[in-house]
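Written out below as structure tokens is the structure these notes cover.
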Protein chains: 2
Amino acid sequence: MKKSRNTRQRTVILDILRQTRSHPSAETIYQEARKSLPSISLGTVYRNLGFLREQKMVKEIRANEEAGSRFEAALPPHAHFHCGLCSAIHDIPLPDALYDFGWERSEFVSSVTDLELHVIGACADCSPSSTQN
Amino acid sequence: MKKSRNTRQRTVILDILRQTRSHPSAETIYQEARKSLPSISLGTVYRNLGFLREQKMVKEIRANEEAGSRFEAALPPHAHFHCGLCSAIHDIPLPDALYDFGWERSEFVSSVTDLELHVIGACADCSPSSTQN
DNA sequence: GTAATTGCAAAAGATTTGCCCCATT
DNA sequence: AATGGGGCAAATCTTTTGCAATTAC
């Protein structure tokens, strides 16, 4: 394992991700980090997100139809719900059955290491009809 | 519905996607298209991919850990298997159960329009062990 | 003829990288 | 003090866009 240092920048970035469920973009994390470290640079944010991703402490999410990536602190397996209207991403349960589905039955598949499920639709906030009036 | 013309460029691009299962990138489609239309430009490829995506004739796939998008001609619903070693993408079955899972039970989810499942792992070609020596 | 579409090149956006300085260990 | 990491800016990469010329209808 490679040596690493606990810099304030790295700590702040990881804390931001651990304290939110908003799946922020690198730019959003940067803006948030500037509140406590005004001189942090966007490059540092990217470098740390890359590092933390390698350490499996952070996950990168490539949202449907969106330009950049979004990030979240590592959590137990879950799926993502993407609202096509407001672009919000919410964590939702990942059906256990997907793990035992037997993907290896497909001729191309030798082994499976990860599953990513994106459910796209409209979120409650964007569909006011759900709760009457 | 908006007017559109059947240009040779558009036809060639759609044909390329319909004749392959390799989920090519825009750049790859461009290189392939140049074989029959040497003067086609990359911008035209992007513009047509965008148009065909709006018409739901083409789907854009944002692969895990990869820079750009990849594309495929519209087909019945299926999932994608991504080989983490060679970056190949293969079509695999999408469990029917995912449609009836009842996503709307999640408080954030109002309605669902699409599902995207990515299974990540090693493909048969990259794991020679499967078929001995 | 007319308007959609192309080719080209410039622009935009997101992410990465080189370099030199600074701070953690 | 050694060196991993930061800041800054330039570089890359992918995708988009403005515009004049072209072409499908």
Side-chain angles (χ1 to χ4, degrees), chain A residues 1-17 22-55 57-72 82 87 89, chain B residues 1-17 22-55 57-72 82 87 89:
Chain A
M1 178 185 297
K2 72 173 68 166
K3 290 190 180 186
S4 71
R5 292 177 184 180
N6 289 339
T7 61
R8 286 180 300 148
Q9 289 84 343
R10 183 165 298 168
T11 304
V12 166
I13 291 168
L14 189 51
D15 281 352
I16 289 172
L17 284 173
S22 68
H23 309 83
S25 65
E27 176 68 28
T28 301
I29 294 167
Y30 170 57
Q31 295 303 341
E32 186 65 24
R34 291 227 283 177
K35 293 178 184 171
S36 40
L37 296 175
S39 70
I40 195 174
S41 73
L42 186 53
T44 292
V45 171
Y46 274 107
R47 261 188 290 237
N48 276 296
L49 287 172
F51 173 86
L52 293 168
R53 184 187 50 206
E54 284 171 21
Q55 307 298 306
M57 302 177 78
V58 158
K59 278 205 151 196
E60 185 171 353
I61 305 164
R62 315 202 66 199
N64 192 42
E65 302 270 301
E66 249 187 89
S69 292
R70 299 180 54 176
F71 301 86
E72 68 181 359
H82 300 250
S87 298
I89 300 179
Chain B
M1 180 186 294
K2 72 173 69 171
K3 291 190 181 186
S4 72
R5 292 178 183 176
N6 289 338
T7 60
R8 284 180 301 151
Q9 290 85 341
R10 184 165 298 165
T11 303
V12 165
I13 291 168
L14 189 51
D15 281 351
I16 288 172
L17 284 173
S22 68
H23 309 84
S25 65
E27 176 68 29
T28 301
I29 293 167
Y30 169 56
Q31 295 304 340
E32 187 64 26
R34 291 227 282 176
K35 293 178 184 170
S36 40
L37 294 175
S39 70
I40 194 174
S41 74
L42 185 52
T44 292
V45 172
Y46 274 107
R47 263 188 290 234
N48 276 297
L49 288 172
F51 173 87
L52 293 168
R53 183 187 50 206
E54 284 171 20
Q55 307 299 305
M57 301 177 79
V58 157
K59 278 204 150 196
E60 183 171 354
I61 305 165
R62 316 200 68 199
N64 192 43
E65 304 268 304
E66 248 186 90
S69 292
R70 300 182 51 174
F71 301 85
E72 68 180 358
H82 300 251
S87 298
I89 299 179

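So that the names make sense, note that chain A is the first sequence line, chain B the second, and so on, each numbered from 1. These numbers come from the heavy atoms of this one structure, side chains and all, not from hydrogens, waters or symmetry mates.
Residues A:Ser69 and A:Glu60 have side chains that bring a donor and an acceptor to within less than 3.5 angstrom of each other.
Summarising the geometry, the separation between CD1 on A:Ile13 and C1' on C:dT15 is reported as 14 Å, rounded to the nearest angstrom. Distance, B:Gln31 CD to D:dT14 P: 12 Å, rounded to whole Å. Taking atom OH on B:Tyr46 and atom P on C:dG7, their separation rounds to 15 Å, with Å as the unit. As rounded to whole Å, 7 Å separates atom P of C:dT16 from atom CD of A:Glu60. Distance CG (A:Leu42) to C1' (D:dT12): 15 Å, rounded to an integer number of Å. Straight-line distance from the CD atom of A:Gln55 to the P atom of D:dG5: 10 Å, rounded to whole Å. Residue A:Lys3 contributes atom NZ, which lies 16 Å from atom C1' of C:dA23 at whole-angstrom precision. Per the geometry, CZ belonging to A:Arg62 stands 11 Å off C1' belonging to C:dT15, to the nearest Å.
For the atom pair CG of B:Leu17 and CE of B:Met57, the computed distance is 10.5 Å after rounding to the nearest 0.5 Å.
The listed nucleotides are C:dT24, D:dT16, C:dT2; the one nearest the side chain of B:Arg5 is C:dT2. Closest to the B:Ile40 side chain, of the nucleotides C:dG7, C:dT24, C:dT15, is C:dG7. Of the candidates C:dG7, C:dA14, D:dT3, C:dG7 carries the atom nearest the B:Thr44 side chain, counting heavy atoms from C-beta on.
Phosphate proximity of C:dT6 to B:Thr7: present, with a side-chain N or O under 4.0 Å from OP1 or OP2. For the pair B:Ser41 and C:dC8, the criterion of a side-chain N or O lying under 4.0 Å from OP1 or OP2 is not met. Taking side-chain N and O atoms only, A:Gln9 has no distance below 4.0 Å to OP1 or OP2 of C:dA23. Residue A:Asn48 has a polar side-chain atom (N or O) positioned under 4.0 Å from OP1 or OP2 of D:dG6. For A:Ser69, no side-chain nitrogen or oxygen approaches OP1 or OP2 of C:dA14 to under 4.0 Å.
The backbone N or O of A:Glu66 lies less than 3.5 Å from a partner atom in the side chain of B:Arg62, making a donor-acceptor pair. Within the 3.5 Å criterion, the main-chain N or O of B:Arg5 finds a donor-acceptor partner in the side chain of B:Arg10.
Within the nucleic acid shown, A:Ser25 has no heavy atom closer than 4.0 Å to any nucleic acid atom. Counting non-hydrogen atoms under 4.0 angstrom, B:Arg47 reaches a base of the nucleic acid.
Mapping B:Gly43 and B:Gly68 onto DNA chain D by nearest heavy atom places B:Gly68 closer to the 5' end of the strand.
Using a 4.5 Å cut-off on side-chain heavy atoms (C-beta onward), B:Asn48 and B:Val58 make no contact.
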